[in-house]
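See structure below.
Numbered from 1 within each chain, the chains take letters A, B, ... in sequence-line order. Here the structure is a predicted model, which means the values were calculated and not measured.
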Amino acid sequence: MSKPKVAFFDFTSCEGCQLNKLNFENDFLDMLEHVDIVEFREAMDDKADEYDIAFIEGSISTPTCIERIHDIRRRAKVLVALGQCACSGGVNAMKNLHQPDWVREEVYGNEKYRFPSIPAQPVSAVVKVDYEVRGCPMSAPEYLHIFKSLVMGRKPEIFDHAVCVECKLKENECVLDKGMFCLGPVTRAGCEAICPGNGQYCTGCRGPISNLNLEGAVEMLREHGFSETEARKRLHLFSANELV
Amino acid sequence: MEATTIQKQELYYPLMSEIIQVDHLTRTEKRFIISLPDGQSLGHKPGQFVELSVFGFGEAPISISSSPTKTGQFDLTIRATGRLTDKMHHLKTGNLVGIRGPFGNGFDVSLLKGKDMLFVCGGIGLAPLKSLIDYTLARRSDFGRIIIVYGTKNPSEILYPSEIKVWQERPDVEFHMTVDRPDVNWEGKVGVITTLIPPLDLVVERTVAAVVGPPVMYKFVLMALKAKRLPDENIYMSLERRMKCGVGKCGHCQINHTYVCQDGPVFHYPDIKRLEEAI
Amino acid sequence: MNYLDTITRMNLHEKYLLTSKQIPDFISFLKTQGAVYAAQKKGEQSYSYQYVEDPANVVLDYPRTIQPLKKFFLPPREELLSFDYQNNSYQKTDVVAEKRIFFGIHSYEMQGVLRLDYSFKKGNPEGNYLNRRENCIFIGVSYEPDEFHLANALGIEVENTEGLSIYLEPVREGYIAFVIDEAGQNLIQGFGKTAKVTETIHIKEKPAKAKIRYHYNRLPKVFEHVYTSQVWGQIAKKCLGCGTCNLLCSTCYCFDVRDEVSLDLQSGTRERFWDGCMLNRFAEVAGNENFRDELSSRTRHRLHRKFKYLTEESGALHCVGCGRCSKYCPAKINLGTTINALIDDFTEQQKLKEAY
Amino acid sequence: MDLQINVHHLTRVEGHGNIVIDMQSGQLKKAQLEIVEPPRFFEAMLKGRNFHEAAIITSRICGICSLGHQMTSLKATEAALGLAISEQTLKLRKILVHGATFQSNVLHALFLAAPDFLNVGSVFPLINTHKEVVLAALRLKRLANEIGELISGRAVHPISCVPGGFTKLPTNEELAALREKLVTQAIPDASFVVEVVASLAGAIPDFVRETEYISVYSPQEYGLYDGQICSSDSGLHPVDDYLRVTNEFIVPHSTSKHARFNRSSYFVGALARFNNSSALLSPLAKDVAARLGLQAPNYNPYMNTVAQVVEVAHCVEDTIRLIDELLATGIKAEKPNQEPTRYGRGMATTEVPRGILFHDYTYNRQGQIEKANCIIPTGQNLANIDDDMKKLVPEIIGEGKAAITKKLEMLVRAYDPCISCSVHLLDVQFDE
Ligand SMILES: Cc1cc2nc3c(=O)[nH]c(=O)nc-3n(C[C@H](O)[C@H](O)[C@H](O)COP(=O)(O)OP(=O)(O)OC[C@H]3O[C@@H](n4cnc5c(N)ncnc54)[C@H](O)[C@@H]3O)c2cc1C
Ligand code: SF4
Ligand code: SF4
Ligand code: SF4
């Protein structure tokens, strides 16, 4: 069996997810055993015409991005959105809450037409996405799971339950209980509740579970002493596109 | 302590069994003929299921689609819908799969003896019913009329075409079929499965209906059977629920107090009539 | 039960004084008899049952731990088997049944284990659970019920000793150890440093803070009539479907099973994880049909399991009143409040019926 | 002579940039690094945000320097709100900065720059030809990430460092185990990497252009975590003067702003730090510098990669020292100090792997950000890169287009530019 051809592409993002991938030092060489990396701009010069698996990082936020992503989709058998920017627009989508033209003018003044900018969108807003690796940054264990699954030709297991579940499985001390803020009850699991596990609150970086009870979430945060404005603002941090 | 005296069972270990034949049925369905190690027989009842697994791809409940009268091997008919079932479609003769079971409550054939059998099969629902159809055909003289009502979405999804041909030709089987969406070559009936029921000429006291199909189908089939005045006691149906263990432990398949994996999947309609969430 | 009855009943047991100073010694002794597990501090203000390395870390006065004792018999994540992906063969994963002593657990916790015993013994008795369950000794301790504990209201008093080998009741000098069974007797004797107490011990009353408006015997009856209550919808407005109430429940035992291969793509494991009926995929089948789509029907199912389905089968309520689902629910949905609302609904119905 | 070079989406750098050279009749019309990365509006996002959130958000400016952004952000917030931090917090943060610096330097020097010296297109072929080096580099990187994971919960977008301290602390045992690994593994691996780099030094282009070097400077230690602004031209400047130093301006060919101070451009990064603070390097790092023939001041921008390797040695050695100090007293349980004593403006600077970074926040009385500004090292280097290209192209014009292109690419890569984070805007005010 020939090895699957894998390519990585980046759009508007912090590139933290790419880096996270290079951070699998222990597993890096093992991963390379199973695939041929044919395109990876950050790490290599080569380019290829076709890919079995294309991983896309970053959100779509310029007209050029749209052309590029269509082109990639045409060449890719399986297309995976990598990280929250690609899955939902991520933090970049916060700019969508403001008037785009005005923002651009503020930045570039008369030069604004040189730098066309459109609302930051998830990859799925433009082309079909087969799988999503959520998170800002994407979580390494979940990425590995998806990577292995795709190489084996199996559908990966992607959760639709809350981060709370992972907290409970790990018996983490609940940060809400300590008087802190937390979006774990409504945020999609898959990160192994790494933030509450480190004493920090969940900022919701993996986006909401599919049956989000938004009003319930706001009410829950109110019960824990956060104003409605504060609650909504924080819910928007990583999910501006999904919650509007 | 009591825990030490109770008979403990190893519930989750599959028996590695060989695929001895793969039949391509439709674009999404294949039939696998499987033999247990050392020619053991599964010893199942029609309507029961096994937990099928492929390592790395998980485990899922699959109905046994062959009759217990066929020994030394059994059939599974599988629709590719996900992780495990897609993988199954890539397996070939000689490959090993894990089998646990048989599980569940099948059809109690002793109660069906002498009855007219009405099989209402929607889509892949024909697979679990086929075990009972084959059984009744194998013991043909034990039963009265055999009426099979079968509906699929479109002609390309028809399962077991060669068996169907036999059924259509047998004088002692009344076979009716319909498709929701015909193609250019289709000459048969068009319409949902429930349109096949009203024209049937049934002796309702003697008729037992066995119903299996997609979740949406049950309500309408029941209405059609009621319209025919078929008594509730004469209706059996097999329900599908998510299940992981098959032995009443994992909790997924529970409908109110009932476990589909233990009390079902075959249910006597009066037992679940009042069960909310069941149909 | 009458409070004086409790005093008398408890005093029928043989009893010994374990002074506060002796407790760590006693734990050290227990450590020679088996692996000792007890509540220890976890983070700033929570507790967890953990293996006891240092007796000084054991906490005897605590409201409840995050996870219930079930984690030892049905681990949150358990390897069922390991397989060779290439050759399609597998190996059963051994269940090690070491001798374990659980020190300082509350009566409802013990009851939770007994309920799980029921669930894993009935039908097809499950080896994995039952093997882990063997060779365990439980030493109970009294506790002060807080606003979340419902155990008392559900008929499990603080001093309930069923399943325990020793029960500890605090007194000024330390603890009175009531010997409940032979295993307990052997431990006390083996330790040998305790003074036998012969006078009657006055057991302090520990009033329950949370109350239920009906006697617990009547709850299954109530649940027969509230299937369509609007209470479920009211809860669903607040509920986030996070599943905390399932996962931390003393008696919930549903699980999911997953296969994972290692990165060499040669080998892998089949594992099971805690799952719960509040979670999205729990009742989903092929074709994305979900038989319990609404949060209201999920909560209804969860509570019917505790108060009706399993109760009708086993005769015991399958809620032991540990209070975890209320204490840890992020939406602050309180079980006692919910039950009282259902009772109100039921009474309302009865009244209407009578009037009719 | 005419020459047109257009390297579209330069590879092996973070973010998107194009190199454009236009020479007509021997006249250099254009020598630019064009930044085409879409703008991301971070300062705008910060407005109205709570003080705990600033570091969480700014970390997302750049995944490569996320720790540096967090540190600078925390320091700016602490300065604005008057939050004191403990000695223990300070030391742990310095360890984090060391870890992030050496992880990034290893990544850049061995995975992104080294392929140029060996004439291959990426690190992947080196896995076969130079497996030992790749493995040593991977081990170093892993260890650096372990530092991040142990102390801050995660190497990319750290979790547990918050204003006023940490939400979770490592244990003494964990720190001791880390120290052991640094001594037995990182030091030998670093020495091995140094030997490899020494053997490649011949491939480093010989190009010299003196410029202004700006970095953080602290009299007590090699300036990384904190200090004053130091210019090789004009000496020390307080952090609060950062706007005067950076003088950001818009150029049409870049979504990122450019900077200049005493000259038309200035250099930030490992070489600037080395030039300004080499006397404060750890003993091992000084040896490494000598072995690699790097001496301050050095005016060859390509030597930035070599300076990064020197810093790897420094960071490893200094981390061991810091762990020893922490272990001498043992880790004390402490909660983050999050009780503001004032509200107002706070400015901070840190050296991130690519150079000096500034964050500047103004908080209102509710502890929410009113105004924010972040100035990122790569943006500061852009003008200097253009100036280098203007001097370099005429010098090598005879070498042919392919060689010129390669040297230009190597030049840009030597700066280890982090383009995604360089794209930012200044002082956006939202009217609500
Ligand atoms: C008693 C019974 C008998 C069945 N008989 C047959 C049969 O004869 N032939 C056949 O093709 N299918 C049958 N099924 C359905 C079959 O079990 C599911 O299609 C299968 O589980 C999907 O597994 P997967 O790993 O391929 O899919 P996944 O990738 O896990 O999921 C695909 C879809 O299947 C659903 N699903 C996942 N696990 C289960 C589960 N344990 N039970 C039900 N749905 C699930 C998911 O919600 C999802 O929508 C039967 C189901 C039951 C309960
Ligand atoms: S810390 Fe957050 S994610 Fe964890 S249990 Fe509490 S609410 Fe849920
Ligand atoms: S805990 Fe929340 S913020 Fe942290 S990684 Fe998980 S989803 Fe993201
Ligand atoms: S813990 Fe509370 S919010 Fe979460 S599922 Fe249970 S009832 Fe709903």
Side-chain angles (χ1 to χ4, degrees), chain B residues 1-4 6-14 16 18 51 53-61 79 81-85 91 95-98 103 123-124 214-216 239-262 276-279, chain C residues 80-81 83-85 87-90 92 117 119-131 133-136 163 227-228 252-261 265 267-268 270 272 275-277 281-287 289-292 297 300-301 304-305 308-310 312-313:
Chain B
M1 198 191 315
E2 213 196 328
T4 50
I6 198 152
Q7 188 65 41
K8 287 174 291 191
Q9 298 174 7
E10 292 195 327
L11 299 174
Y12 306 124
Y13 301 117
M16 299 315 292
E18 192 182 334
E51 284 285 341
S53 63
V54 177
F55 292 128
F57 294 81
E59 203 171 35
R79 170 176 289 177
T81 58
R83 210 171 348 268
L84 172 77
T85 47
L91 294 188
N95 285 151
L96 292 180
V97 293
F103 294 132
I124 191 157
V216 291
L239 298 184
E240 184 185 342
R241 284 297 183 275
R242 194 185 192 84
M243 49 183 73
K244 285 289 175 182
C245 69
V247 290
K249 292 284 174 266
C250 78
H252 286 87
C253 70
Q254 211 181 4
I255 309 173
N256 297 11
H257 62 276
T258 306
Y259 280 88
V260 174
C261 68
Q262 305 252 278
E276 315 261 348
E277 298 180 354
I279 300 165
Chain C
L80 295 176
L81 52 85
F83 54 80
D84 181 327
Y85 174 62
N87 299 324
N88 247 321
S89 57
Y90 70 93
K92 299 174 186 178
D117 289 353
S119 300
F120 281 96
K121 278 183 202 165
K122 70 161 179 184
N124 300 295
E126 188 201 284
N128 297 47
Y129 175 92
L130 295 172
N131 284 336
R133 188 57 185 82
E134 272 175 25
N135 297 322
C136 290
Y227 198 84
T228 53
C252 271
Y253 56 83
C254 294
F255 57 83
D256 191 10
V257 180
R258 286 178 228 149
D259 280 10
E260 188 61 89
V261 289
L265 301 189
S267 56
R270 177 163 293 170
R272 73 163 161 192
D275 199 349
C277 58
R281 299 252 160 88
F282 190 78
E284 190 187 276
V285 299
E289 176 90 23
N290 196 328
F291 285 94
R292 239 176 270 117
S297 57
R300 172 174 64 200
H301 182 73
H304 274 74
R305 268 182 65 95
K308 181 162 187 286
Y309 307 150
L310 281 156
E312 282 169 353
E313 234 181 82

Measure the [atom1]-[atom2] distance between [X] and [Y] for me, rounded to the nearest 0.5 Å.
X: B/Cys253; Y: C/Phe291; atom1: SG; atom2: CZ; value: 11.5 Å
X: B/His257; Y: C/Arg305; atom1: NE2; atom2: CZ; value: 12.5 Å
X: B/Phe57; Y: C/Asp259; atom1: CZ; atom2: CG; value: 9.0 Å
X: B/Ser53; Y: C/Leu81; atom1: OG; atom2: CG; value: 8.0 Å

With a 4.5 Å cut-off on side-chain heavy atoms, are [Y] and [X] touching?
X: B/Gln254; Y: C/His301; answer: yes
X: C/Asn124; Y: B/Gln262; answer: yes
X: C/Arg270; Y: B/Glu59; answer: yes
X: C/Tyr309; Y: B/Asn256; answer: yes

Is [X] in contact with chain C via its backbone, its side chain, both, or neither, using a 4.5 Å heavy-atom distance?
X: B/Pro214; result: neither
X: B/Val54; result: backbone
X: B/Tyr259; result: side chain

Of all the heavy-atom pairs spanning [X] and [Y], show the shortest one and how long it is.
X: C/Val285; Y: B/Glu240; answer: CB-OE2, 3.8 Å
X: C/Asn88; Y: B/Leu96; answer: ND2-O, 3.2 Å
X: B/Arg242; Y: C/Glu284; answer: NH1-O, 2.7 Å

Contact leader toward chain B among C/Val261, C/Leu265, C/Val257, where contacts are heavy-atom pairs under 4.5 Å: C/Val257
Looking at C/Glu260, C/Arg272, C/Arg292, C/Arg258, which one has more heavy-atom pairs under 4.5 Å with chain B than the rest?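 Top option by heavy-atom pairs under 4.5 Å: C/Arg292.
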Region of [X] that comes under 4.5 Å of a non-hydrogen atom in chain B:
X: C/Ser297; value: both
X: C/Phe120; value: both
X: C/Asn131; value: both

Flag the one option from B/Gly98, B/Gly58, B/Gly82 with the top tally of heavy-atom pairs under 4.5 Å to chain C. B/Gly58
Assign the ring pair B/Tyr12 / C/Phe255 to parallel, tilted or perpendicular, where the plane angle (0 to 90°) is split at 30° and 60°.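 Taking C/Phe255 first and then B/Tyr12, their aromatic rings stand perpendicular (interplane angle over 60°).
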Is there a donor-acceptor pair closer than 3.5 Å between any side-chain N or O of B/Lys244 and the backbone N or O of C/Cys254?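 No, the answer is negative, given that no donor and acceptor are paired below the 3.5 Å cut-off.
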Are any side-chain N or O atoms of B/Lys249 and backbone N or O atoms of C/Pro125, one a donor and one an acceptor, separated by less than 3.5 Å? no
